[in-house]
Undergrad: 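Got a structure for you, questions after.
A note on names: the letters A, B, ... follow the listed sequences, proteins ahead of strands, and every chain is numbered from 1.
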Number of protein chains: 2
Amino acid sequence: MQLSRPTILAMDLEGVLVPEVWIAVAERTGIEKLRLTTRDVADYDQLMRGRLALLRDHGLGLPDIQEVIAEMHPLPGAVEFVRKVRAIPNLQLIILSDTYYEFAAPLMAQIDWPVLFCNSLETDAGGNIVDYHLRQPDGKRHSVRAFVGLNFFVIAVGDSYNDTTMLAEAHVGILFRPSTNVRREFPQFPVVDEYAALEARIAAALEQSA
Amino acid sequence: MQLSRPTILAMDLEGVLVPEVWIAVAERTGIEKLRLTTRDVADYDQLMRGRLALLRDHGLGLPDIQEVIAEMHPLPGAVEFVRKVRAIPNLQLIILSDTYYEFAAPLMAQIDWPVLFCNSLETDAGGNIVDYHLRQPDGKRHSVRAFVGLNFFVIAVGDSYNDTTMLAEAHVGILFRPSTNVRREFPQFPVVDEYAALEARIAAALEQSA
């Protein structure tokens with residue numbers, strides 16, 4: 001008997017399909033302090049307020065940042081990977097990210113607008129980013145839990161600390177190019193470093209789900 | 001201040017983006033009894049078992065039905081509509097349907113594989129459809145409720161009785177080309193009959209959500 005269980009592939013964005021956005025913005029604008037991440041500043045709110053202040057101090061509004069991001073490209077192989085997995089009939093790709101729709105748009109256009117669950121920015125009439133709005137705390141984990149509640153088989157793929165709760169919540173969790181720390185601290189998740197290996201892992205998980 | 005609230009556009013499939021699949025299969029195979037719908041047979045399980053028995057009696061397996069469905073096309077204007085709404089950065093299109101992944105695939109390929117939440121079929125080694133599996137009862141409504149729980153603003157679009165519970169559950173519910181009965185029985189939902197008017201309704205709902 002052949003039965004394919006309805007499956008959601010929940011994937012992180014930055015580091016998995018596209019480069020880290022803030023690092024690219026730091027490089028392209030020359031504002032070194034934009035390189036700081038949650039590894040350097042533990043409090044996310046403090047980190048984001050610092051970033052928004054830096055942009056304001058340098059006179060950079062949302063359109064300027066969007067121009068910088070528009071010069072970025074998906075990671076080599078990501079476009080083909082996304083195209084392939086989307087064409088698996090019972091596998092639905094949903095990207096779960098802590099980024100913002102306003103930042104992600106130029107990159108989403110390059111991978112043909114997959115579904116993205118993330119957060120939003122607030123701008124003033126002059127295009128300055130005045131605030132950020134998280135859709136909900138620990139959004140990735142909540143999304144995976146909701147998919148499981150809708151009776152989907154869920155495969156989650158990510159690279160960072162902030163992905164590990166969704167990997168744990170999913171039926172199958174896979175680390176893609178994680179840092180040495182994440183790799184060491186979460187030995188329960190298999191690690192892959194190339195899209196071909198990730199495809200093979202996903203195919204194996206689909207077999208297992210049937 | 002400009003703030004776009006993260007939004008999900010939950011759309012029905014048959015009658016809204018593509019033709020009714022069973023009616024097309026009835027027409028193309030000449031099996032008139034496949035035209036029966038839930039309007040004729042109230043019990044869905046009885047209806048589906050009847051359909052599967054008819055296919056078996058006529059020696060039609062899943063590959064035969066898929067060939068028939070592959071000759072179908074999205075409704076005129078649907079491809080352009082889907083392309084447009086997917087390119088709205090903070091709007092995520094998710095199709096909620098009572099169809100089966102195995103039937104929908106040839107049509108999904110033609111609208112570039114949007115995310116689809118539906119059901120699955122079970123086949124034997126000879127390709128005969130031996131059973132069907134609903135992911136969950138009243139799946140459309142449960143999905144919309146889950147999206148609301150993830151703090152999305154939800155716009156739902158459908159045409160039939162089986163869409164009205166998700167339309168009620170969403171922040172904004174819109175009927176697209178409903179039957180006269182549905183139109184009359186659910187006066188609380190606005191009705192549109194063209195994609196351009198639907199786009200305008202969606203734009204107005206996005207304004208309202210901000």
Undergrad: Say you draw a straight line from CD of B/Gln92 to CH2 of A/Trp113; how long is it, rounded to the nearest 0.5 Å?
TA: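 If we round to the nearest 0.5 Å, B/Gln92:CD and A/Trp113:CH2 are 8.5 Å apart.
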
Undergrad: If I measure from the heavy atoms of chain B, does A/Ala87 come under 4.5 Å with its side chain, its backbone, both, or neither?
TA: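 Both backbone and side chain.
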
Undergrad: Is B/Leu116 in contact with chain A via its backbone, its side chain, both, or neither, using a 4.5 Å heavy-atom distance?
TA: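 Looking at B/Leu116, backbone and side chain both touch chain A.
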
Undergrad: Has the side chain of A/Arg135 got a donor or acceptor atom that lies under 3.5 Å from a matching backbone atom of B/Leu150?
TA: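 Yes; judged by distance alone, with no hydrogens or angles, the pair exists.
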
Undergrad: Which region of A/Phe117, side chain (C-beta onward) or backbone (N, CA, C, O), has a non-hydrogen atom less than 4.5 Å from a non-hydrogen atom of chain B, or is it both or neither?
TA: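 Contact with chain B is through both the backbone and side chain of A/Phe117.
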
Undergrad: Only one of B/His142, B/His133, B/Gln136 forms a side chain to side chain contact (heavy atoms under 4.5 Å, CB included) with A/Asn151, so which one is it?
TA: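 Considering B/His142, B/His133, B/Gln136, a side chain to side chain contact (heavy atoms under 4.5 Å, CB included) with A/Asn151 is found only for B/Gln136.
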
Undergrad: Between A/Ile94 and chain B, which part of the residue has a heavy atom less than 4.5 Å away: side chain, backbone, both or neither?
TA: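 Looking at A/Ile94, just its side chain touches chain B.
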
Undergrad: Who passes ring-ring contact (aromatic ring centres under 6.0 Å, His included) against A/His171, sequence neighbours left out?
TA: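 For A/His171, the residues satisfying ring-ring contact (aromatic ring centres under 6.0 Å, His included) (neighbours in sequence not counted) are A/Phe153.
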
Undergrad: What part of B/Asp112 is in contact with chain A, defined as an atom under 4.5 angstrom from a non-hydrogen atom: side chain, backbone, both or neither?
TA: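 When you check distances to chain A, atoms from both the backbone and side chain of B/Asp112 fall under 4.5 Å.
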
Undergrad: Can you name the closest pair of heavy atoms from A/Pro6 and B/Tyr101 and give their distance?
TA: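 Looks like CB-CE1, 3.6 Å.
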
Undergrad: Let me know if A/Asn128 has heavy atoms under 4.5 Å from chain B in its side chain, its backbone, both or neither.
TA: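 For A/Asn128, neither part sits under 4.5 Å from chain B.
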
Undergrad: Evaluate whether atom CD of A/Glu207 has more than 12 neighbouring non-hydrogen atoms of other residues, nucleotides or ligands under 6.0 angstrom away.
TA: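 Incorrect, the count does not exceed 12.
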
Undergrad: Which bit of A/Leu91 comes within less than 4.5 Å of chain B, counting heavy atoms only: side chain, backbone, both or neither?
TA: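 A/Leu91 has no heavy atom closer than 4.5 Å to chain B.
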
Undergrad: So which atom in B/Val115 and which in A/Val115 form the shortest heavy-atom distance, rounded to 0.1 Å?
TA: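 So the two residues come closest at CG2-CG2, 3.6 Å.
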
